Amino acid sequence: QKEVEQDPGPLSVPEGAIVSLNCTYSNSAFQYFMWYRQYSRKGPELLMYTYSSGNKEDGRFTAQVDKSSKYISLFIRDSQPSDSATYLCAMFRSGTYKYIFGTGTRLKVLA
Amino acid sequence: GAVVSQHPSRVICKSGTSVKIECRSLDFQATTMFWYRQFPKQSLMLMATSNEGSKATYEQGVEKDKFLINHASLTLSTLTVTSAHPEDSSFYICSARDSSGGAETQYFGPGTRLLVL
């Protein structure tokens with residue numbers, strides 16, 4: 001079993017839709033959770049950073065962490081064609097700086 | 001957010017040559033940098049952790065003599081692919097750890113696309 005599971009997609013949605021992206025993980029020691037956006041042939045760009053459980057909002061993006069269920073989510077409101085990219089979840093536990101990445105979900109927002 | 005640069009962005013070389021890729025943190029000091037490899041439509045695969053002033057720590061299955069890493073300063077790490085072969089063709093991405101301000105995160109460079117003929 002992989003430490004982090006993420007549906008690779010592709011996920012296609014119409015412009016303006018609410019997008020929900022998710023990852024599950026198996027290691028309860030993970031405390032730091034990130035979401036990165038990666039455009040084709042580019043490096044990942046940090047979108048959201050969350051420590052422990054709870055919600056965090058930044059503009060159209062909301063990150064949720066449910067440590068009891070070992071489940072994290074990224075919501076994108078009013079999705080735009082420019083949001084079309086691969087979204088990677090990442091996490092690590094205190095004391096180690098080695099990120100564990102999900103496989104990434106390819107998102108396509110259709111105009 | 002913090003900025004990390006990589007150079008070159010793209011390189012094509014003949015089989016048997018060595019290629020050096022630079023990774024720089026432009027506006028912060030990074031005691032730790034990471035090197036990843038990414039194949040098309042796949043996730044990032046950590047190759048090694050680079051610590052300033054000490055030897056890199058390689059992941060299982062990564063040949064340390066093949067992929068030489070040097071982290072000579074707090075803003076620069078280099079990856080040298082020695083005697084490159086076509087199977088080394090890939091997208092190489094570095095990241096730099098920023099632990100300033102209490103938040104612990106990695107910022108990624110734009111990546112280097114290597115094609116070995």
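Keep in mind that this is a model prediction, so the values were computed, not measured. Just so it is clear: chains get the letters A, B, ... in the order the sequence lines come, proteins before strands, and each one is counted from 1.
- The main-chain N or O of B/Leu79 is never found under 3.5 Å from a side-chain atom of B/Glu22 such that the two would form a donor-acceptor pair.
- For the options A/Arg106, A/Gln6, A/Gln38, heavy-atom pairs under 4.5 Å to chain B are most numerous at A/Gln38.
- A salt bridge between A/Arg77 and A/Glu57 is present, with a side-chain N of the basic residue lying under 4.0 Å from a carboxylate O of the acidic one.
- Heavy-atom distances place the side chain of B/Glu59, and not its backbone, under 4.5 Å from chain A.
- Panel note: side chain A/Lys56, backbone A/Tyr49; a donor-acceptor pair is recorded below 3.5 Å.
- With a 4.5 Å cut-off on non-hydrogen atoms, A/Tyr36 touches chain B through its side chain but not through its backbone.
- Figure legend: cation-pi geometry between B/Arg113 and B/Phe91, with NZ or CZ positioned under 6.0 Å from the six-membered ring centre and within 45° of its axis.
- Here the rule is side chain to side chain contact (heavy atoms under 4.5 Å, CB included) with A/Val109, and of A/Ser82, A/Ser84, A/Pro14, A/Ser12 only A/Ser84 fits it.
- By number of non-hydrogen pairs under 4.5 angstrom with chain A, the leading residue of B/Gln106, B/Gln42, B/Gln6 is B/Gln106.
- Heavy atoms closer than 4.5 Å to chain B are found in the side chain of A/Phe92, but not in its backbone.
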